[in-house]
Amino acid sequence: MNIFIRILLDIITLGMFEIVLYCKAKKIANTKNTELTYSKKYKFNINDFVKDLGGIENIENVSATLSSIKIVLKNVNLINSNLQKKYEIKGITKSNNSVILIFGDNAKIIAEDINKLLKK
């Protein structure tokens, strides 16, 4: 009889535990995300990256979307030719005075750091 009560109490405890976890999971699933998430880290030195873009003097303006950075430059020819491999850039588009770099979800933080350097 003792073993029967023990098994019954274990089943009831596990059942209650499952109900609590289900309620918490449902609450988390129903919360709405109000902001977009993006990575706040990157694997290179921002000063080296700016030097490979021709230096801080070569950069006029920097803007970003979630996955890409548009950099307006004074001279596009000063960009390092190994930029894509060195910084793991997924794509590069050059135009007359600007370059668009596709980084992925860390593009926004890279652009913010370049803008901080521009303000100094």
Side-chain angles (χ1 to χ4, degrees):
M1 188 84 164
N2 224 357
I3 232 166
F4 175 73
I5 293 174
R6 167 103 176 154
I7 292 172
L8 185 62
L9 289 176
D10 284 346
I11 292 172
I12 292 171
T13 304
L14 289 175
M16 291 174 68
F17 184 68
E18 183 179 353
I19 291 170
V20 169
L21 285 180
Y22 175 78
C23 290
K24 283 187 178 185
K26 191 171 182 179
K27 185 177 180 181
I28 291 171
N30 288 333
T31 58
K32 292 184 180 179
N33 191 0
T34 57
E35 62 184 55
L36 296 172
T37 57
Y38 60 94
S39 178
K40 298 186 189 228
K41 295 182 181 180
Y42 47 91
K43 299 177 183 177
F44 54 85
N45 186 333
I46 196 70
N47 293 317
D48 293 340
F49 180 67
V50 168
K51 285 178 188 174
D52 286 338
L53 289 172
I56 197 73
E57 305 83 24
N58 193 35
I59 299 173
E60 291 183 357
N61 187 21
V62 179
S63 59
T65 63
L66 282 177
S67 62
S68 66
I69 302 172
K70 181 178 182 183
I71 304 172
V72 179
L73 301 168
K74 293 177 184 172
N75 186 354
V76 179
N77 297 326
L78 295 177
I79 295 176
N80 185 349
S81 60
N82 295 334
L83 195 70
Q84 189 167 5
K85 290 180 184 177
K86 187 174 181 181
Y87 298 104
E88 299 177 5
I89 300 171
K90 295 175 176 100
I92 296 178
T93 304
K94 291 182 185 178
S95 66
N96 293 339
N97 66 339
S98 67
V99 63
I100 298 173
L101 308 169
I102 300 172
F103 273 100
D105 66 344
N106 54 3
K108 189 172 180 179
I109 193 70
I110 295 169
E112 288 174 3
D113 288 349
I114 294 173
N115 279 323
K116 287 177 189 174
L117 292 174
L118 283 172
K119 291 179 183 177
K120 287 184 180 179

Measure the acute angle between the ring planes of F44 and F49, then classify it against the limits of 30° and 60° as parallel, tilted or perpendicular.
-> tilted
Single-linkage hydrophobic cluster, 4.5 Å side-chain cutoff, [X] and [Y] together:
X: V62; Y: L78; result: no
X: V76; Y: V72; result: no
X: L73; Y: I102; result: no

Can you measure from [atom1] ([X]) to [atom2] ([Y]) and round to the nearest 0.5 angstrom?
X: I69; Y: L53; atom1: CD1; atom2: CG; value: 9.0 Å
X: L8; Y: T13; atom1: CG; atom2: OG1; value: 9.5 Å
X: I28; Y: C23; atom1: CD1; atom2: SG; value: 11.5 Å
X: K70; Y: T65; atom1: NZ; atom2: OG1; value: 11.5 Å
X: K86; Y: D52; atom1: NZ; atom2: CG; value: 4.0 Å
X: L9; Y: L14; atom1: CG; atom2: CG; value: 11.0 Å

Which heavy atom in [X] sits nearest to a heavy atom in [Y], and how many Å separate them?
X: K74; Y: E57; value: NZ-O, 3.0 Å
X: V50; Y: I114; value: CG2-CG1, 4.2 Å
X: I59; Y: L118; value: O-CD2, 3.7 Å
X: K41; Y: I109; value: N-CG2, 4.4 Å
X: K108; Y: A64; value: CA-CB, 4.1 Å
X: I100; Y: S68; value: CG2-CB, 4.2 Å

Over 12 non-hydrogen atoms of neighbours within 6.0 angstrom of CD in E112 | yes
With a cut-off of 6.0 Å (strictly less than), are more than 12 heavy atoms of other residues, nucleotides or ligands near NZ of K51?
-> no
Are I79 and V99 side-chain neighbours, meaning at least one heavy-atom pair lies under 4.5 Å?
-> yes
Side chain proximity check, F17 to L21, heavy atoms < 4.5 angstrom | yes
Report yes or no: does N58 contribute a side-chain atom to a donor-acceptor pair with the main-chain N or O of N75 at less than 3.5 Å?
->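 Judged by distance alone, yes, a pair lies under 3.5 Å.
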